[in-house]
Every structure is written in structure tokens, then in C-alpha cells.
2 protein chains.
Amino acid sequence: MTSDATQPTTAFCQHDHNHCIDSAMAQARHLCQQRGVRLTPIRQRVLELVWQSHQPLGAYTLLGLLAEEGFNSAPPTIYRALEFLQHEGLIHKLASINAFTGCCNPGTPHEGHFFLCLSCHQALEIDTSTLQHSLQNSAGKHGFSIAQQTIEITGCCAQCQSKQNTENHG
Amino acid sequence: MTSDATQPTTAFCQHDHNHCIDSAMAQARHLCQQRGVRLTPIRQRVLELVWQSHQPLGAYTLLGLLAEEGFNSAPPTIYRALEFLQHEGLIHKLASINAFTGCCNPGTPHEGHFFLCLSCHQALEIDTSTLQHSLQNSAGKHGFSIAQQTIEITGCCAQCQSKQNTENHG
DNA sequence: TGACAAGGGTTATAACGTAACATAACATCA
DNA sequence: TGATGTTATGTTACGTTATAACCCTTGTCA
């Protein structure tokens, strides 16, 4: 098995993640202002924490992180913040692992479709326009009207695969 | 909006469900025997209950049903049975609603892909070979090796849509 | 017949999520 | 300015989903 294929820049690749965070936060502030909704300190901090993590975070993990910073929060607080962020399209929930991750493209409304690496636990949001098409096609055949999509594919990312190959052959 | 399109026979249509259950149970018994694994009374009853229900069942609902029948079970019992049935490909778990549903085609290993109706709460397992193809394609581009797929599409089934139309216009 | 594996019983608890009510912060307008 | 309504957050309690850990029973087989 070779890994010569050129790969797009994704969560699975080395990159300046601080840049991602800054830009995501700026975009979030912009969108909220535009829409006349309030990105309060808690909401903002939750979004930052989600973005800072290299893997999707659970609600209670976030709760713990907030507690460390002096936010005196109980579960409802965090779930409200997460609900707000989801509603504004700033984060996605990963139902299969009960965790949340930042949305890479919050400007345009879309469903979150993900590859989840079982090894490094990172989530890669994928663009699936063709997949979308065949789903709509299938829905049409059954007369089904689509509301929301949960598409979460687990497996092993390219990085982890090559790591494992190195270990096995080294 | 018209609803003239011919539709396949699915969970969303009227049909003799007893026949479904019988045939599913027979197939399960056959598969387990073939594989040398034991379809014990509890496992068998759980599978039947899942099939008897017109909508996916949660673990604790199943627990309640078993309790009514004198099975003196606690959560671990039911989760073990569900794990077994999942492992043998006899049921699927719907992660987005924490519920379980019978697999329509347990002989051939495959992933469960579902339409979930938000109105009648029924689940329709769909065949998605084209979707499969575009997923594999996308995975290939990212060097991602797929293990397991969670594809759960919520919305409104044809039956419920036409019911709602009737109500609105009647 | 005793070692072993598999299945299930039992207790306890972890992890995830929400209802309901109280309070604080903010806006706005007489 | 302060009465009022709205939105956001704090707080308590509890509901729901899932698993860890340990033990006992039963069947199998050398």
C-alpha cells in the first residue's frame, strides 16, 4: 500500500492550528453580529475550547475545562451554549460519539459529514456533494423528505495508517 | 405535490409484519447455528421484541418489556444481548436516537443506513450502493480507511407527509 | 471429575442530558 | 430613572443511557 496520493490540508495534516482558531472565532463573531445574536463570554469560550481541541469534545469535558477557568457552570449551562452554537451552525454534534466539533464552514448552512479516526480520535469534516446527490435520489424514491443528516464514518486516517505501518515494519 | 410515484414495500408501507418477524427469527436461528454461536432465550426474545416494534427500541424500553415477561434482568443483561445481536449483524444501532432496530438483510454483512421519520418514528433501512461508492471515493481522496458507517437521515416519510397534507386541506 | 469458557445475575456507578425554577444582565420606553 | 419585558445564566434535582466489576450457573471436554 502506498501513500503517494497528494492530500488536501485537513484536520489530519500538520498545520498552524492557532490560525484555524483565530479565523473561526473571527468568523463566528462576524456571523453573530450580522444575525443580531449574542456571542456571550460562555458561548465564545465554549467555541474556542471546541476549536482548540484536536479531537471532538464531550459536554462534560467542556464543563470541566470551563470549571478550571472559574466559570461556575453546571450541565445546563454547557448544553445551552452548545445548543446555541449548533443552531448558529458554528459547531456540529457527532451523535455516534456524543461529542462536538467546530464547523469548518459556518457561513454556508450545511450538514456535517465526518470521518472519525479511531486511532487519533480526530474528526475530519468532509464535503459530500456527490453523496448528497445519491441520498436525495434515494429519498426521492421512497418519497422521504430529508430534514437532518447524521453521517459519521469511523476508521483510520492516513497519518495513523502510515504510523502503524512504520511500527509494524520497523 | 403529488404522490403518484410507485414505492417499494418498506417499513413505511402496510404489510404483514408477522411474516417479517417469523422470517427474521428463522433466518437468525439459521445464521447462529451456521456460525456455531448461541441464540439463547434472552437473545432470541430481545431480537423478537425489536422486530415486533414498529419503531426502533431503546435499551431500557426493552428492559421493561423483558421485565414484564418475568425475565429478571438488569441493564448489563440487555446490553450484552444487544451487543451479541449487533455483532452477529442481526440488529443495527441508531446512534442518533440511541435505539435498536432489526436488520433486514442479516445474511450479508453491510452497514446500516437509515431514514428515520420524525413523525411516526419508524426507521427504514435503505440500500445505498451509489452512496457507498461516493463515500469510498471521498475516503480514498483523504487516504482514510473506513471501518464503520453511521448514516442516519431524519425527516418525514411519504405516509406522514400525505397524512399531514390531508389534515391541512381537509 | 475437575478445569475451563460462556452466559447471565447483581450491585454500583459512570456518562450523558434535561426539567423546572431562581436570578442576573440587558434593552427600551414612558 | 425606574418599571417592564426579554434573554442569558445559575442552581437543584433528576431522568436516561451505558458500563465496570464481581460472582454464580451451566455446559463442555480432556
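Order of the sequence lines sets the chain letters (A, B, ...), proteins ahead of strands, with each chain counted from 1.
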Presence of salt bridge, B:Glu83 and B:Arg80, under 4.0 angstrom: no
- request: Measure from CG on A:Leu57 to P on C:dA15 and round the result to the nearest Å.
  value: 15 Å
Stepwise side chain to side chain contact (heavy atoms under 4.5 Å, CB included) test for A:Cys103 and A:His110: CA-CA 10 Å; A:Cys103 173; A:His110 64 284; 3.2 Å; yes
query: A:His87 NE2 to D:dT7 C1': how many Å, rounded?
result: 15 Å
field: Atom pair distance, as rounded to whole Å: CZ in B:Arg38 and C1' in C:dA6
entry: 6 Å
message: Contact list please: residues 59-82 of chain B against DNA chain C, heavy atoms, distance less than 4.0 Å, in numerical order.
response: B:Asn72, B:Ala74, B:Pro76, B:Thr77, B:Arg80
- prompt: What is the distance from CD of B:Gln86 to C1' of D:dA18, rounded to the nearest Å?
  reply: 12 Å
query: Can you say whether the rings of B:Tyr79 and B:Tyr60 are parallel (under 30°), tilted (30 to 60°) or perpendicular (over 60°)?
result: perpendicular
- prompt: Is there a side-chain polar atom (N or O) of B:Asn98 under 4.0 Å from OP1 or OP2 of D:dA18?
  reply: yes
message: Measure CZ/B:Arg43 against P/C:dA6 and give the value in whole Å, please.
response: 11 Å
- request: For C:dG17, take OP1 and OP2 only and decide whether either is under 4.0 Å from a side-chain N or O of A:Lys93.
  value: yes
task: For A:Ile42 and C:dT23, give me the distance from atom CD1 to atom P, rounded to whole Å.
output: 18 Å
query: What's the shortest heavy-atom distance between A:Leu62 and A:Leu49, and which atoms?
result: CD2-CB, 3.7 Å
- line: Rounded to whole Å, CD of A:Gln44 lies from P of D:dT9 at a distance of 12 Å
- prompt: Under a 4.5 Å side-chain heavy-atom rule over Ile, Leu, Val, Met, Phe, Trp and Tyr, are A:Val50 and A:Leu94 clustered together?
  reply: no
task: Starting from P on D:dT7, measure out to CD on A:Glu88 and report it in whole angstrom.
output: 14 Å
query: Using 30° and 60° as the class limits, which term best fits the ring planes of A:His17 and A:Trp51: parallel, tilted or perpendicular?
result: tilted
